[in-house]
Amino acid sequence: MITLKDVQAARERIYGTTYVTPILTSEQLSQICGNQIFLKSEHLQRTGSFKIRGATNKVKQAVQEGANYVTAASSGNHGQAVAYIANHFGIPATIVVPEDVSLCKVNAIKAYKGMVEKCGMTSAERLPRAKEIAIQENGVFIPPYDDPYIMAGQGTVGLEILEQVQDVDVIIVPIGGGGLISGVLTAIKESNPKIQVIGVEPAIANDTYLSLQNKQITAIQGTTTIADGLRTNQPGNLTFPVMMKYLDDIVLVSEDEIRQAFSFVMERMKQMIEPSSATTVAAAMFNKLPFQGKKVVTIISGGNVDLDQAPNFIVDTQKLNI
Ligand SMILES: *Cc1c(COP(=O)(O)O)cnc(C)c1O
């Protein structure tokens, strides 16, 4: 398992390439939630999500060991992050994307000089193809979450929170494959175990929730949640044990609650965050937390929203169910 030292080493390695993102607050949001809410704003991070942290930690290490080509399989933020950082280090990157990828995502990868290859519709098709290209090109495949360097890199979000929010009580983290939360858990629990870390999943993408309940990795069928960064079918082999060891609690939010949180943050706080990130705000807004009056950080994991899709995420905030 990774340790606090690995996260601290990651922080040194990514220094200067990634931003220390701001903490945003809203009095109205804190009032609604009955807790003091702080938004750790990774939607304002380079490439629009925290994924650049893990990608930088991993790619930099690979480059130091002589790599001169990287690949990734991703339809979203991980692909953009790998393309950006490969270009930063001056090496080519091929990102394998689904056939039905939106033009805006392809354009984002191309803007960072990444090469795009379309392959199949599922990650089960994309992953082997990305690994195959890596072997052909004598390059390195960069996994999205189940890798010690990726996990340690994502954990640097936790170290920043410790410095930015004095006496934080609780941190709420969205869970896809579990790279972000396993890094944050390591950073937090090995620094101050009194701080609670709570995970969030969409109710219709509850693979980690079920896995924790069953005490073993449990897969779900494909899901259509609007939180597209959280559509993984099961937690990772490396991330799951960290969650088993350290996670305090995991809560579920409905698609309607995600939409309401998305709309609130956009209208009242003027921030464009992705549905995957709105899950943490939804958990705080809709009484999923069994306490009041605490200092709560919600991790806003990214802000890459396809504008074509946005109308599907918006509800009338006059009718907010709060
Ligand atoms: C990847 C991603 C997540 C989930 O992170 P994992 O490390 O897979 O758990 C959450 N939100 C956004 C915006 C992401 O891009």
Side-chain angles (χ1 to χ4, degrees), residues 19-45 48-50 157-158 160-175 180-181 184 188 195-203 225-230 248-305 307 309-322:
Y19 299 132
V20 175
T21 52
I23 301 279
L24 303 180
T25 57
S26 148
E27 267 177 44
Q28 199 190 4
L29 182 61
S30 291
Q31 254 168 28
I32 292 167
C33 298
N35 286 294
Q36 210 180 334
I37 307 293
F38 300 83
L39 278 65
K40 174 61 173 165
S41 298
E42 289 291 299
H43 63 297
L44 304 175
Q45 184 55 268
S49 85
F50 72 89
V157 177
E160 288 177 20
I161 291 171
L162 289 176
E163 287 166 14
Q164 291 176 300
V165 184
Q166 302 308 307
D167 304 319
V168 53
D169 296 305
V170 182
I171 303 175
I172 308 183
V173 192
I175 305 178
L180 175 61
I181 198 164
V184 168
I188 297 298
I195 299 171
Q196 280 193 62
V197 178
I198 298 180
V200 190
E201 284 188 314
T225 176
I226 59 168
D228 58 353
L230 312 183
D248 290 293
D249 199 2
I250 179 165
V251 300
L252 300 175
V253 292
S254 72
E255 297 296 293
D256 183 54
E257 288 166 341
I258 298 170
R259 286 192 177 92
Q260 295 199 46
F262 175 93
S263 303
F264 177 92
V265 172
M266 186 151 98
E267 187 180 81
R268 309 286 165 85
M269 299 186 70
K270 330 296 173 200
Q271 302 297 311
M272 181 64 107
I273 71 174
E274 4 184 333
S276 297
S277 310
T279 57
T280 60
V281 178
M285 278 173 88
F286 296 105
N287 297 318
K288 312 284 176 174
L289 309 177
F291 48 75
Q292 298 255 294
K294 297 207 188 248
K295 277 189 162 180
V296 177
V297 173
T298 59
I299 297 185
I300 305 301
S301 47
N304 290 323
V305 175
L307 282 186
Q309 295 292 318
N312 180 33
F313 307 150
I314 294 170
V315 294
D316 183 353
T317 54
Q318 301 287 321
K319 299 190 197 113
L320 268 192
N321 208 352
I322 43 181

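Heavy-atom basis, side chains included; hydrogens, waters and symmetry copies ignored.
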Task: Heavy-atom closest contact (Ala278 atom, Ala261 atom, distance) - done: O-CB, 3.4 Å
Task: Closest contact, heavy atoms only, Pro22 versus Leu44 - done: CG-CD1, 3.7 Å
TODO: Can you see which heavy atom on Ser26 is nearest to which on Leu29, and at what distance?
DONE: OG-N, 2.9 Å
Task: Qualifying residue for side-chain contact (heavy atoms from CB on, under 4.5 Å) with Phe264, from Glu267, Gln260, Arg268, Met266 - done: Arg268
- [ ] Evaluate the side-chain proximity of Ile198 to Val296: yes if any heavy-atom separation is below 4.5 Å, no if none is.
- [x] no
TODO: Determine the minimum heavy-atom distance between Ile32 and Met285, stating which atoms define it.
DONE: CG2-O, 4.3 Å
Task: Spacing of Met269 atom CE and Thr25 atom OG1 [to the nearest 0.5 Å] - done: 6.5 Å
Open item on the list: Keeping Gln196 on the side-chain end and Asp169 on the backbone end, is there a donor-acceptor pair under 3.5 Å?
Closed with: no
- [ ] Side-chain contact test, heavy atoms from C-beta onward, threshold under 4.5 Å: evaluate it for Val265 versus Ile300 and give yes or no.
- [x] no
- [ ] Check whether any side-chain N or O of Lys288 sits under 3.5 Å from a backbone N or O of Ala282 as a donor-acceptor pair, and report yes or no.
- [x] no
- [ ] Could you walk me through whether Ser277 and Ile299 pass side-chain contact (heavy atoms from CB on, under 4.5 Å), step by step?
- [x] CA-CA 7 Å; Ser277 310; Ile299 297 185; over 6 Å; no
Task: Heavy-atom closest contact (Ser301 atom, Pro174 atom, distance) - done: OG-CG, 3.7 Å
TODO: Drop me the distance from Ile23's CD1 to Glu160's CD, to the nearest 0.5 angstrom.
DONE: 8.5 Å
TODO: Show your reasoning for whether side-chain contact (heavy atoms from CB on, under 4.5 Å) applies to Glu255 and Thr225.
DONE: CA-CA 7 Å; Glu255 297 296 293; Thr225 176; 2.8 Å; yes
Open item on the list: Counting C-beta onward and ignoring hydrogens, is there a side-chain heavy-atom pair between Val305 and Phe313 closer than 4.5 Å?
Closed with: yes
Task: Backbone N/O of Leu39 and side chain of Ser41: donor-acceptor pair under 3.5 Å - done: yes
Task: Minimal non-hydrogen separation, Ala283 against Leu289, with atom names - done: O-CG, 3.9 Å
- [ ] Return yes if some donor-acceptor pair links the side-chain N/O of Thr298 with the main-chain N/O of Val281 below 3.5 Å, else return no.
- [x] no
- [ ] Kindly say whether Asn312 contributes a backbone atom to a donor-acceptor pair with the side chain of Arg259 at under 3.5 angstrom?
- [x] yes
Open item on the list: Let's go through Ile161 and Ile195 carefully: what are the C-alpha distance in whole Å and the side-chain angles of both, what is the deciding distance for side-chain contact (heavy atoms from CB on, under 4.5 Å) to 0.1 Å, and is it a yes or a no?
Closed with: CA-CA 11 Å; Ile161 291 171; Ile195 299 171; over 6 Å; no
- [ ] Output the distance between atom CD1 (Ile226) and atom CD1 (Ile258), rounded to the nearest 0.5 Å.
- [x] 5.0 Å
Open item on the list: Let me confirm one number: the NZ-CZ distance from Lys40 to Phe50, rounded to the nearest 0.5 Å.
Closed with: 13.0 Å
Task: Separation between CG of Leu24 and CD1 of Ile273, rounded to the nearest 0.5 Å - done: 10.0 Å
- [ ] Scan Leu230, Leu180, Val200, Ile250 and name whichever one has a side-chain contact (heavy atoms from CB on, under 4.5 Å) with Ile175.
- [x] Ile250
Open item on the list: Between Glu274 and Asn304 (side chain of the first, backbone of the second, donor and acceptor by atom type, cut-off under 3.5 Å), is there such a pair?
Closed with: yes
Task: Flag, side chain of Asn35 to backbone of Lys295, donor-acceptor distance under 3.5 Å - done: no
Open item on the list: Looking at Ser30 and Gln36, would you say the former's side chain and the latter's main chain have a donor-acceptor pair under 3.5 Å?
Closed with: no
Task: Separation of Gln271 CD from Phe262 CZ (nearest 0.5 Å) - done: 12.0 Å
